[in-house]
Amino acid sequence: MSKPINVPLTSDEIEMLVDALEVDLEGYLESAKEARGNGNRDDVATFTEAATRIQTLMARLQGLVEE
């Protein structure tokens, strides 16, 4: 596991990061869909895992803004 770091951010900055992650997430979900259509199971797993990790990070960041 990676070592945690502290980065002071404003709520606006966190919202900007979440917006950027949403775009990134869409790309991974689309790539997983294409890989699924091509029958490439390895890529489906890779892109799906990346999408899941992005969703987890987005949820953590959104939780900071909502507090």
Side-chain angles (χ1 to χ4, degrees):
M1 178 159 203
S2 299
K3 178 182 172 187
I5 59 170
N6 293 318
V7 180
L9 298 170
T10 66
S11 59
D12 287 342
E13 292 169 327
I14 292 174
E15 288 175 10
M16 289 170 41
L17 288 173
V18 170
D19 288 344
L21 287 169
E22 285 176 347
V23 172
D24 204 29
L25 174 62
E26 289 173 10
Y28 278 108
L29 292 174
E30 183 63 31
S31 294
K33 182 180 175 182
E34 289 177 15
R36 197 172 290 111
N38 293 331
N40 190 335
R41 292 181 183 186
D42 289 339
D43 283 351
V44 171
T46 298
F47 295 137
T48 301
E49 179 183 351
T52 300
R53 293 180 70 184
I54 289 170
Q55 288 171 324
T56 302
L57 178 56
M58 285 174 54
R60 288 182 62 196
L61 291 171
Q62 288 168 333
L64 294 173
V65 174
E66 294 171 359
E67 292 179 353

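In what follows, every heavy atom counts, from backbone to side chain, and hydrogens, waters and symmetry copies are set aside.
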Peer 1: With sequence neighbours excluded, give me every side-chain hydrogen bond (donor to acceptor under 3.5 Å, both in side chains) pair touching residues 48-58.
Peer 2: none
Peer 1: How close do L21 and I54 get, heavy atom to heavy atom, and via which atoms?
Peer 2: O-CG2, 3.6 Å
Peer 1: Please identify each residue that fulfils side chain to side chain contact (heavy atoms under 4.5 Å, CB included) with L17, with sequence neighbours left out.
Peer 2: L9, L61
Peer 1: Can you list the residues that meet the side chain to side chain contact (heavy atoms under 4.5 Å, CB included) rule with L29, with sequence neighbours excluded?
Peer 2: L25, A51
Peer 1: Could you report the tightest heavy-atom contact between V18 and Q62, atom names first, then the distance?
Peer 2: CG1-NE2, 3.4 Å
Peer 1: Going by the rule side chain to side chain contact (heavy atoms under 4.5 Å, CB included), which residues pair with N6 if we only count those two or more places apart in sequence or in a different chain?
Peer 2: none
Peer 1: Taking side chain to side chain donor-acceptor pair (under 3.5 Å) as the definition, give me every residue that meets it alongside N40, ordered by chain and number, with sequence neighbours left out.
Peer 2: D43
Peer 1: Taking side-chain hydrogen bond (donor to acceptor under 3.5 Å, both in side chains) as the cut-off, I'd like each qualifying pair that reaches into residues 19-37, sequence neighbours left out, listed once.
Peer 2: none
